[in-house]
Every structure is written in structure tokens, then in C-alpha cells.
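Residue numbers start from 1 in every chain, and the chains themselves are labelled A, B, ... in the order their sequence lines are given, proteins ahead of strands. Values below: all heavy atoms of this structure, side chains included; hydrogens, waters and symmetry mates excluded.
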2 protein chains.
Amino acid sequence: MSSGQPEPRRGRRPGGAGSRGQILAAARRLFAEHGFEGTSLRRVAREAHVDPAMIHHFFAGKDELFALSVELPADPSTVLAGLDRRDPSERAEALVRAVLGLWESPAQHSLLAFLRGTIGSKAKTAILGEIASQRILPRIMAGVAGTPEEVALRGNLVAAQLVGAVLMRYVIRLEPLASAGREDVVRLIAPTIQRYLAGDLPEPS
Amino acid sequence: MSSGQPEPRRGRRPGGAGSRGQILAAARRLFAEHGFEGTSLRRVAREAHVDPAMIHHFFAGKDELFALSVELPADPSTVLAGLDRRDPSERAEALVRAVLGLWESPAQHSLLAFLRGTIGSKAKTAILGEIASQRILPRIMAGVAGTPEEVALRGNLVAAQLVGAVLMRYVIRLEPLASAGREDVVRLIAPTIQRYLAGDLPEPS
DNA sequence: GATTTAATTCATCAGTTGATGAATTGTTCG
DNA sequence: CGAACAATTCATCAACTGATGAATTAAATC
């Protein structure tokens with residue numbers, strides 16, 4: 001019995017070892033559960049089975065780790081690809097289906113982390129607003145008729161319904177909505193989105 | 001020049017002084033801006049012009065302070081009073097108006113703190129779900145026809161649209177929705193809520 | 001096989017966190 | 001007045017935070 005515990009040897013690990021990936025994965029999971037401030041680098045390191053200093057070896061700091069944990073998931077141009085080629089009058093179903101699909105993909109952890117992290121503080125909420133109105137909504141609203149002001153308002157309403165549904169189904173997990181079939185949800189909320197997108201709206205006073 | 005700075009004297013302050021109230025007010029504001037973990041007791045104390053130890057004198061700890069900062073705002077029975085006496089077929093407008101009114105009242109800070117604090121972590125999100133499905137939704141859905149399962153689903157959809165709109169208008173502050181008149185917003189989303197509340201929904205597959 | 005490069009561990013820093021206990025002083029009540 | 005009580009301040013704790021620099025070791029390159 002020379003050594004009960006296989007004490008960790010120093011130096012470079014054999015093989016690729018992928019510590020960087022493990023760190024990112026653990027960071028995504030923890031940021032998703034506890035938000036930005038609620039997640040410590042030491043805990044990320046522990047769950048990634050890695051020395052805390054490795055995080056600073058691969059990433060500049062907590063901010064960069066958060067940014068990179070959260071960056072990949074939502075490439076709007078991929079998720080919403082082809083949407084602008086559909087006529088606005090029948091775009092809602094495809095849109096809802098794409099968003100639900102994304103939230104049921106492996107990207108879910110990252111998306112949750114992003115939502116938790118950004119809604120959690122005022123400064124970060126502003127970032128979310130920028131992303132929504134500059135990178136996501138223009139793609140969704142491409143080709144919709146009306147004055148820019150009106151189209152922007154329609155976009156806000158679409159976002160409200162979409163985000164609200166995602167929040168209830170995937171974040172708060174209200175039943176029975178959380179367990180309903182994806183296509184059922186599409187049928188339930190797509191008509192609303194279709195109306196906001198291109199239907200009749202009351203005139204402002 | 002015996003004393004340039006009026007150094008704080010010890011002991012009990014003259015008058016009521018209301019330190020407890022100042023602490024609560026500062027806590028509400030800070031929790032609303034930076035969430036639970038992002039807010040330190042020391043900063044609360046500083047902004048309340050109070051010694052950090054006072055917080056522990058009045059409150060058991062950070063958790064209790066958070067709970068009390070956030071408890072008062074939303075007494076569902078007051079906000080939704082009288083709603084269940086309206087027929088479900090014309091309940092939506094009053095509901096939307098009540099919710100928007102609440103979010104434009106002084107309670108806004110507390111509500112923001114509550115949202116930020118609860119969405120920020122998984123454990124606290126569960127609390128939000130409990131409150132929604134046990135204390136708020138039953139009041140909104142009282143007297144709606146249908147099987148319990150169906151009514152619950154309708155409630156989820158109402159909540160989704162309502163929370164989504166609140167998030168866009170008051171938290172993320174998307175324009176032009178954030179600056180639109182309250183009654184305009186009522187007219188825009190009440191029809192959707194009315195449909196979820198008591199309108200035709202597609203059958204589940 | 002020698003040199004370079006990258007991955008890993010360790011020890012440690014200064015700052016902050018939530019929390020506690022004692023000391024001090026003003027108010028209130030008998 | 002004197003005793004009880006509550007508000008306030010101070011000093012301090014152990015734990016944790018993000019971060020840094022140096023030492024060690026394996027792999028990659030030549």
C-alpha cells in the first residue's frame with residue numbers, strides 16, 4: 001500500500017484531455033443554474049475536475065468565461081435561416097417551431113445561462129435589449145409591411161409572446177405547458193404571433 | 001477648528017429615524033438593479049446611510065431582508081380584486097389594466113427585484129412557479145369553463161402573454177412598446193389574453 | 001535527443017462577503 | 001430620578017472571492 005489516493009501528478013496531462021471544453025461545459029451548467037454572480041470560478045473548476053488556475057490559463061477572467069459560455073448557442077442567422085423567404089402571412093408557425101426547437105436542443109443550458117445572467121442585472125439587461133432589437137427582430141420582421149414605427153411595435157409584441165412562452169415552458173416550467181407536445185404549443189401560440197406579425201391591430205389613440 | 005467632519009456619534013438616534021425603512025427601501029432598489037447575489041449588505045447599508053450591523057439588528061440575515069423587501073408588493077387579492085366577479089368573456093381587459101397599473105405604481109421596484117432575484121437562480125425560480133400557479137392564476141382563472149387540465153393550460157398561456165409583455169415593457173424596455181400609452185397596450189394584448197382565457201383553442205393531438 | 005511550447009499544480013495575495021459580540025448612548029417607563 | 005430597553009457604532013471573524021506568478025511536467029517540434 002504505497003499510495004491509497006492516486007495523488008494528482010503535476011505537469012501536462014496525457015492526451016488532449018480537453019480541460020478547456022470541460023470548463024466551458026461546467027460553466028454553462030452553473031451559470032444556467034445560479035446566474036452570473038451566483039457562480040464562483042472555484043466551483044466551476046471543481047465541477048470540471050480542474051485546478052482553479054486553469055480557468056485563468058484558458059480565459060482572461062470570469063467575464064470572458066461567461067461570454068464564451070454563452071456565445072455560441074444563439075446564432076440567429078442559423079436558427080432563423082430561411083424565415084425571411086416565407087411570406088409574412090404564414091411565417092408564424094415556422095418561427096415558433098424554430099424557437100421551440102432551439103430550446104429543446106443541447107443549446108438549452110447556454111440559453112438558460114444567458115437569460116439568467118442577463119435578466120439578473122440592470123446593466124446586462126441592456127445587452128439583451130440590444131441583441132433582440134438589432135440582431136434577432138430584424139430577421140423576424142423582414143419584409144413586413146407598415147411604417148418602421150409600426151413594424152417595430154409588431155416586433156416587440158412578437159418578442160413578448162415568444163419570450164413569455166419560453167419563460168413559462170422552459171424556465172419556470174409551469175404545468176401543463178411544460179409537458180405539452182411541441183406541435184401542440186405551436187398550434188396554441190402561432191395564431192397570436194401571426195396576428196402580431198401581420199394581422200389587424202387597433203390604431204393607437 | 002475643533003472638528004471639520006461631524007463624526008457620527010454613537011448610541012440611539014434622536015427621533016424615530018426610521019432606519020429600518022431606509023434599509024428596506026435601499027434593499028428594494030438594489031435587489032431590483034443587481035439581483036440577489038449581486039447585492040451586498042454593505043452596499044445596502046451604505047445607500048441607506050446606516051451601519052452594516054444595523055441590517056443584522058433588524059433582520060435575521062440577507063435572506064430575510066430579501067424576503068421582506070419583496071413581500072409586500074404583490075398581494076394578489078388586492079390587485080386582482082373584483083376580477084372574479086366579471087364574466088370570463090370580458091375579463092381580459094380588466095386583467096391587463098390591473099397588471100400594467102401595478103407595474104406603473106411605486107411597487108415597480110419591488111416587482112423588479114422579485115423578478116430579477118427569482119429568475120436569477122434555479123432554486124428561486126421554483127418559488128416563482130409556486131406563487132404563480134397557487135396564488136395568482138387561480139384568481140385569474142376562477143369560473144372559467146373546462147376540465148381542470150384545460151383550465152390550467154389556459155392559465156399558463158395567459159401567464160405567458162402577460163409576463164412576456166411585462167418583461168418587454170418594464171424590464172428590457174423595448175421601444176416603442178415601453179413608451180406606448182397604457183391603454184394602447186391594453187388594446188393590443190387584451191384580445192390575445194381573452195382568447196387564451198375563454199376563446200377557441202385547437203385540440204391537443 | 002535537445003528545445004520549445006503548452007498544460008497543470010501550488011502557494012499566495014488583497015479584497016469582499018455575511019455575520020457576531022460587545023460597547024455606547026439615547027429614549028421610555030415606572 | 002433610576003431602570004429597562006432599543007438604536008447605533010466599532011472591531012473583528014472565518015470564509016470565500018477573483019486573480020497572479022512561479023514551479024513542474026508532458027507533448028510537440030526540429
Any donor-acceptor N or O pair under 3.5 Å, side chains A/Ser69, A/Arg28:
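There is no such pair (donor and acceptor under 3.5 Å, judged by atom type) between the side chains of A/Ser69 and A/Arg28.
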Atom-pair distance ([atom1] on [X]; [atom2] on [N]), nearest Å:
X	N	atom1	atom2	result
A/Arg42	C/dT12	CZ	C1'	10 Å
A/Ile55	D/dC16	CD1	C1'	15 Å
B/Arg20	D/dT8	CZ	P	12 Å
B/Phe58	D/dT9	CZ	C1'	13 Å
A/Asp51	D/dT20	CG	C1'	13 Å
B/Glu37	D/dG18	CD	P	11 Å
A/His57	C/dA6	NE2	P	8 Å
A/Phe66	D/dT17	CZ	P	18 Å

Can you tell which of [options] lies closest to the side chain of [X]?
X	options	answer
B/Met54	C/dA19, D/dT8, D/dG18	D/dT8
B/Ser40	D/dT9, C/dT8, C/dG18	C/dG18
A/Lys62	D/dG18, C/dT20, C/dA7	D/dG18
A/Leu41	D/dG18, C/dT9, C/dA19	D/dG18
A/Ala53	C/dA19, D/dT20, D/dG18	D/dT20

Does the side chain of B/His56 get closer than 4.0 angstrom to OP1 or OP2 of C/dT20 through an N or O atom?
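It does not, given that no N or O in the side chain of B/His56 lies less than 4.0 Å from OP1 or OP2 of C/dT20.
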Could B/Arg43 and B/Glu47 be called an ion pair, given the rule that one side-chain N must be under 4.0 Å from one carboxylate O?
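Yes, this pair counts.
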Look at A/Glu183 together with A/Arg97 and state whether they make a salt bridge at an N to O cut-off of under 4.0 Å.
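Salt bridge: yes.
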Expected output: side-chain A/Gln194 to main-chain A/Ala92 donor-acceptor under 3.5 Å
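Between the backbone of A/Ala92 and the side chain of A/Gln194 there is a qualifying donor-acceptor contact (under 3.5 Å).
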Is a side-chain donor or acceptor of B/Thr125 paired with a backbone partner of B/Thr118 at a separation under 3.5 angstrom?
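Yes: the side chain of B/Thr125 pairs with the backbone of B/Thr118.
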